[in-house]
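First comes the structure, then the notes that go with it.
Quick note: residue numbers are just sequence positions, from 1. No hydrogens, no waters, no symmetry mates; every other heavy atom, side chains included, goes into these values.
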Amino acid sequence: NGIGLVTIDMPGRAMNVLNPTLVEPFAELVAKLETDHSLKGLVITSGKPRKPATPTARDRRRAVEAALWIDDNSHAEIDLEQAAQQAGLSPFHFLRLFSNVLGVTPHQYLVRSRLRHAARLLAEEDIAVTDIAYDVGFGDLSNFVRTFHRAAGMSPTRFRKAAKGERKILQEQLALN
(Lines give C-alpha, C1' and ligand atoms only; values in the text may rest on other atoms or scores of the structure.)
Protein backbone atom coordinates (compact mmCIF):
# COMPACT_ATOMS: atom_id res chain seq x y z
CA ASN A 1 0.00 0.00 0.00
CA GLY A 2 3.03 2.26 0.02
CA ILE A 3 2.61 3.21 3.68
CA GLY A 4 5.42 1.79 5.76
CA LEU A 5 4.97 0.65 9.32
CA VAL A 6 7.58 1.84 11.74
CA THR A 7 7.45 0.72 15.36
CA ILE A 8 9.13 2.74 18.05
CA ASP A 9 9.68 0.53 21.07
CA MET A 10 10.49 1.90 24.47
CA PRO A 11 10.29 -0.01 27.74
CA GLY A 12 6.58 -0.01 28.55
CA ARG A 13 5.52 1.96 25.44
CA ALA A 14 5.24 1.41 21.73
CA MET A 15 4.16 3.67 18.86
CA ASN A 16 3.34 2.64 15.31
CA VAL A 17 3.74 5.21 12.57
CA LEU A 18 1.31 4.28 9.79
CA ASN A 19 -0.02 7.65 8.80
CA PRO A 20 2.06 9.59 6.23
CA THR A 21 1.26 12.83 8.10
CA LEU A 22 3.31 11.51 11.01
CA VAL A 23 6.47 11.16 8.94
CA GLU A 24 7.71 14.67 9.80
CA PRO A 25 7.15 14.27 13.57
CA PHE A 26 8.80 10.87 13.29
CA ALA A 27 11.83 12.46 11.62
CA GLU A 28 11.97 15.01 14.45
CA LEU A 29 11.86 12.17 16.99
CA VAL A 30 14.73 10.40 15.26
CA ALA A 31 16.75 13.64 15.30
CA LYS A 32 16.01 14.03 19.01
CA LEU A 33 17.11 10.45 19.66
CA GLU A 34 20.50 11.21 18.22
CA THR A 35 21.05 14.11 20.62
CA ASP A 36 19.02 13.31 23.77
CA HIS A 37 20.84 10.75 25.94
CA SER A 38 17.82 10.38 28.25
CA LEU A 39 16.13 8.39 25.46
CA LYS A 40 18.88 5.81 25.53
CA GLY A 41 17.46 2.29 25.15
CA LEU A 42 14.85 3.31 22.61
CA VAL A 43 14.71 0.84 19.74
CA ILE A 44 13.35 1.65 16.30
CA THR A 45 12.36 -1.32 14.19
CA SER A 46 10.93 -1.72 10.74
CA GLY A 47 7.81 -3.48 11.91
CA LYS A 48 8.76 -6.63 10.03
CA PRO A 49 8.97 -9.73 12.21
CA ARG A 50 12.52 -10.80 12.82
CA LYS A 51 13.46 -14.26 11.58
CA PRO A 52 15.03 -16.37 14.31
CA ALA A 53 18.61 -17.10 13.35
CA THR A 54 19.19 -20.79 12.74
CA PRO A 55 22.75 -21.72 13.64
CA THR A 56 24.74 -23.40 10.90
CA ALA A 57 26.75 -26.58 11.45
CA ARG A 58 29.87 -24.41 11.60
CA ASP A 59 28.25 -22.21 14.29
CA ARG A 60 27.23 -25.25 16.33
CA ARG A 61 30.74 -26.71 16.04
CA ARG A 62 32.29 -23.41 17.17
CA ALA A 63 29.95 -23.17 20.15
CA VAL A 64 30.54 -26.77 21.22
CA GLU A 65 34.31 -26.44 20.82
CA ALA A 66 34.18 -23.25 22.89
CA ALA A 67 32.13 -25.03 25.56
CA LEU A 68 34.69 -27.86 25.68
CA TRP A 69 37.49 -25.28 25.94
CA ILE A 70 35.62 -23.57 28.80
CA ASP A 71 35.22 -26.96 30.55
CA ASP A 72 38.95 -27.67 30.18
CA ASN A 73 39.93 -24.23 31.48
CA SER A 74 37.15 -23.50 33.96
CA HIS A 75 39.59 -23.57 36.87
CA ALA A 76 41.28 -20.45 35.46
CA GLU A 77 39.99 -16.92 35.00
CA ILE A 78 38.18 -16.82 31.68
CA ASP A 79 36.66 -13.70 30.19
CA LEU A 80 34.45 -13.20 27.18
CA GLU A 81 37.31 -11.89 25.05
CA GLN A 82 39.43 -15.02 25.64
CA ALA A 83 36.59 -17.38 24.81
CA ALA A 84 35.66 -15.33 21.73
CA GLN A 85 39.27 -15.34 20.55
CA GLN A 86 39.37 -19.11 21.01
CA ALA A 87 36.31 -19.40 18.74
CA GLY A 88 37.71 -16.90 16.23
CA LEU A 89 34.86 -14.43 16.69
CA SER A 90 34.33 -10.96 18.10
CA PRO A 91 33.04 -10.96 21.68
CA PHE A 92 29.62 -9.70 20.52
CA HIS A 93 29.17 -12.38 17.87
CA PHE A 94 30.57 -15.08 20.13
CA LEU A 95 28.12 -14.21 22.91
CA ARG A 96 25.20 -14.20 20.49
CA LEU A 97 26.26 -17.45 18.81
CA PHE A 98 27.05 -19.31 22.04
CA SER A 99 23.77 -18.28 23.65
CA ASN A 100 21.79 -19.15 20.53
CA VAL A 101 23.34 -22.63 20.19
CA LEU A 102 23.64 -23.69 23.84
CA GLY A 103 20.83 -21.70 25.43
CA VAL A 104 23.03 -20.12 28.12
CA THR A 105 25.60 -17.36 28.07
CA PRO A 106 29.30 -18.28 28.21
CA HIS A 107 29.46 -16.96 31.77
CA GLN A 108 26.51 -19.11 32.85
CA TYR A 109 28.16 -22.10 31.19
CA LEU A 110 31.45 -21.34 32.97
CA VAL A 111 29.77 -21.16 36.38
CA ARG A 112 27.88 -24.41 35.72
CA SER A 113 31.08 -26.09 34.59
CA ARG A 114 32.80 -25.03 37.80
CA LEU A 115 29.86 -26.31 39.82
CA ARG A 116 29.96 -29.68 38.00
CA HIS A 117 33.67 -30.02 38.78
CA ALA A 118 33.06 -29.01 42.40
CA ALA A 119 30.24 -31.55 42.79
CA ARG A 120 32.49 -34.29 41.40
CA LEU A 121 35.30 -33.37 43.81
CA LEU A 122 32.92 -33.11 46.76
CA ALA A 123 31.52 -36.57 46.04
CA GLU A 124 34.81 -38.33 45.26
CA GLU A 125 37.58 -36.59 47.21
CA ASP A 126 38.23 -35.62 50.83
CA ILE A 127 39.50 -32.15 49.95
CA ALA A 128 38.41 -29.18 52.07
CA VAL A 129 35.47 -27.23 50.66
CA THR A 130 37.59 -24.07 50.62
CA ASP A 131 40.27 -25.77 48.53
CA ILE A 132 37.66 -27.13 46.12
CA ALA A 133 36.16 -23.67 45.71
CA TYR A 134 39.52 -22.20 44.72
CA ASP A 135 40.60 -25.24 42.69
CA VAL A 136 37.53 -25.12 40.44
CA GLY A 137 37.94 -21.39 39.76
CA PHE A 138 35.85 -19.51 42.32
CA GLY A 139 37.79 -16.58 43.72
CA ASP A 140 35.66 -16.26 46.82
CA LEU A 141 34.45 -18.97 49.21
CA SER A 142 31.19 -17.24 50.12
CA ASN A 143 30.33 -16.79 46.43
CA PHE A 144 31.04 -20.49 45.83
CA VAL A 145 28.85 -21.61 48.76
CA ARG A 146 26.00 -19.27 47.75
CA THR A 147 26.17 -20.30 44.08
CA PHE A 148 26.45 -24.01 44.90
CA HIS A 149 23.53 -23.82 47.33
CA ARG A 150 21.39 -22.03 44.75
CA ALA A 151 22.20 -24.66 42.10
CA ALA A 152 22.15 -27.84 44.22
CA GLY A 153 19.59 -26.87 46.84
CA MET A 154 22.03 -27.60 49.63
CA SER A 155 25.41 -26.45 50.91
CA PRO A 156 28.59 -28.06 49.58
CA THR A 157 29.19 -29.79 52.93
CA ARG A 158 25.66 -31.21 53.00
CA PHE A 159 26.03 -32.28 49.36
CA ARG A 160 29.25 -34.13 50.26
CA LYS A 161 27.56 -35.91 53.15
CA ALA A 162 24.61 -36.87 50.96
CA ALA A 163 26.88 -38.11 48.18
CA LYS A 164 28.98 -40.19 50.58
CA GLY A 165 25.85 -41.55 52.26
CA GLU A 166 24.43 -42.65 48.92
CA ARG A 167 27.74 -44.26 48.01
CA LYS A 168 27.80 -46.09 51.34
CA ILE A 169 24.26 -47.39 50.73
CA LEU A 170 25.27 -48.53 47.24
CA GLN A 171 28.39 -50.24 48.56
CA GLU A 172 26.32 -52.05 51.18
CA GLN A 173 23.82 -53.17 48.51
CA LEU A 174 26.65 -54.43 46.30
CA ALA A 175 28.18 -56.32 49.22
CA LEU A 176 24.83 -58.05 49.87
CA ASN A 177 24.51 -59.20 46.24
Side-chain angles (χ1 to χ4, degrees), residues 9-12 37 39-43 45 49-177:
D9 242 347
M10 207 170 177
H37 296 290
L39 295 175
K40 196 174 185 179
L42 190 67
V43 179
T45 62
R50 200 174 203 188
K51 295 178 189 172
T54 305
T56 64
R58 180 179 182 209
D59 291 342
R60 287 191 300 274
R61 189 186 79 247
R62 278 180 162 175
V64 169
E65 286 174 357
L68 292 172
W69 180 82
I70 289 171
D71 277 332
D72 290 342
N73 296 284
S74 64
H75 62 280
E77 269 190 50
I78 297 175
D79 61 19
L80 183 62
E81 287 76 22
Q82 288 174 307
Q85 184 179 18
Q86 196 67 30
L89 296 166
S90 72
F92 171 79
H93 286 97
F94 174 70
L95 177 61
R96 189 177 65 186
L97 171 92
F98 194 96
S99 300
N100 192 15
V101 172
L102 297 175
V104 294
T105 66
H107 180 73
Q108 289 169 324
Y109 188 86
L110 172 63
V111 170
R112 290 175 185 183
S113 177
R114 288 175 175 168
L115 290 173
R116 282 191 303 273
H117 291 300
R120 196 173 308 116
L121 290 172
L122 286 165
E124 297 172 1
E125 305 290 334
D126 285 324
I127 303 170
V129 172
T130 304
D131 293 337
I132 290 174
Y134 292 122
D135 288 350
V136 299
F138 282 90
D140 182 306
L141 178 62
S142 63
N143 184 35
F144 167 68
V145 172
R146 184 176 53 255
T147 305
F148 192 94
H149 193 282
R150 203 176 293 144
M154 62 182 74
S155 70
T157 304
R158 190 161 168 228
F159 178 87
R160 170 179 273 163
K161 287 177 183 173
K164 296 215 186 241
E166 288 175 17
R167 191 171 340 150
K168 187 176 179 183
I169 291 169
L170 287 173
Q171 286 172 346
E172 289 172 2
Q173 287 175 346
L174 289 173
L176 293 174
N177 292 335

**Asked** If we only count heavy atoms from C-beta on, is the F148 to T157 side-chain gap below 4.5 Å?
**Response** no

Residue pairs meeting side chain to side chain donor-acceptor pair (under 3.5 Å), one or both in residues 136-147, sequence neighbours left out, come to D140-S142, N143-R146, N143-T147

Residue set satisfying side chain to side chain contact (heavy atoms under 4.5 Å, CB included) with T105, at least two apart, ordered chain then number -> L95, S99, H107, Q108

Beyond-backbone contact of V136 with S74, side-chain heavy atoms, under 4.5 angstrom:
no

Between the CD1 atom in I127 and the CD1 atom in I132, the distance rounded to the nearest 0.5 Å is 5.0 Å

CG of L115 to CZ of F159, rounded to nearest 0.5 Å, is 10.0 Å

Kindly say whether V101 contributes a backbone atom to a donor-acceptor pair with the side chain of R60 at under 3.5 angstrom? no

- Just by modelled atom types, is the W69 backbone N or O under 3.5 Å from a matching donor or acceptor in the N73 side chain? yes

Is it the case that the side chain of R160 and the backbone of E125 share a donor-acceptor pair, with hydrogens and angles ignored and the cut-off at 3.5 Å?
yes

Heavy-atom nearest pair, F144 first then A118, reads CE1-CB, 3.6 Å

Closest non-hydrogen contact found for V104 with R112 is CG1-NH1, 3.1 Å

Quiz: residues 83-90 side-chain donor-acceptor pairs under 3.5 angstrom, not counting sequence neighbours:
residue: S90; atom: OG; partner: H93; partner atom: N; Å: 3.2
residue: S90; atom: OG; partner: H93; partner atom: ND1; Å: 2.9

Quick note, salt bridge (charged side-chain N to carboxylate O under 4.0 Å, His left out) partners involving residues 66-84, not counting sequence neighbours, are D71-R116

Hits for salt bridge (charged side-chain N to carboxylate O under 4.0 Å, His left out) against R120, two or more places apart or cross-chain, chain-then-number order -> none

Residue pairs meeting side chain to side chain donor-acceptor pair (under 3.5 Å), one or both in residues 126-139, sequence neighbours left out, come to D126-K164

Scanning both residues in full, the closest heavy-atom pair of F94 with L80 reads CD2-CD1, 3.7 Å

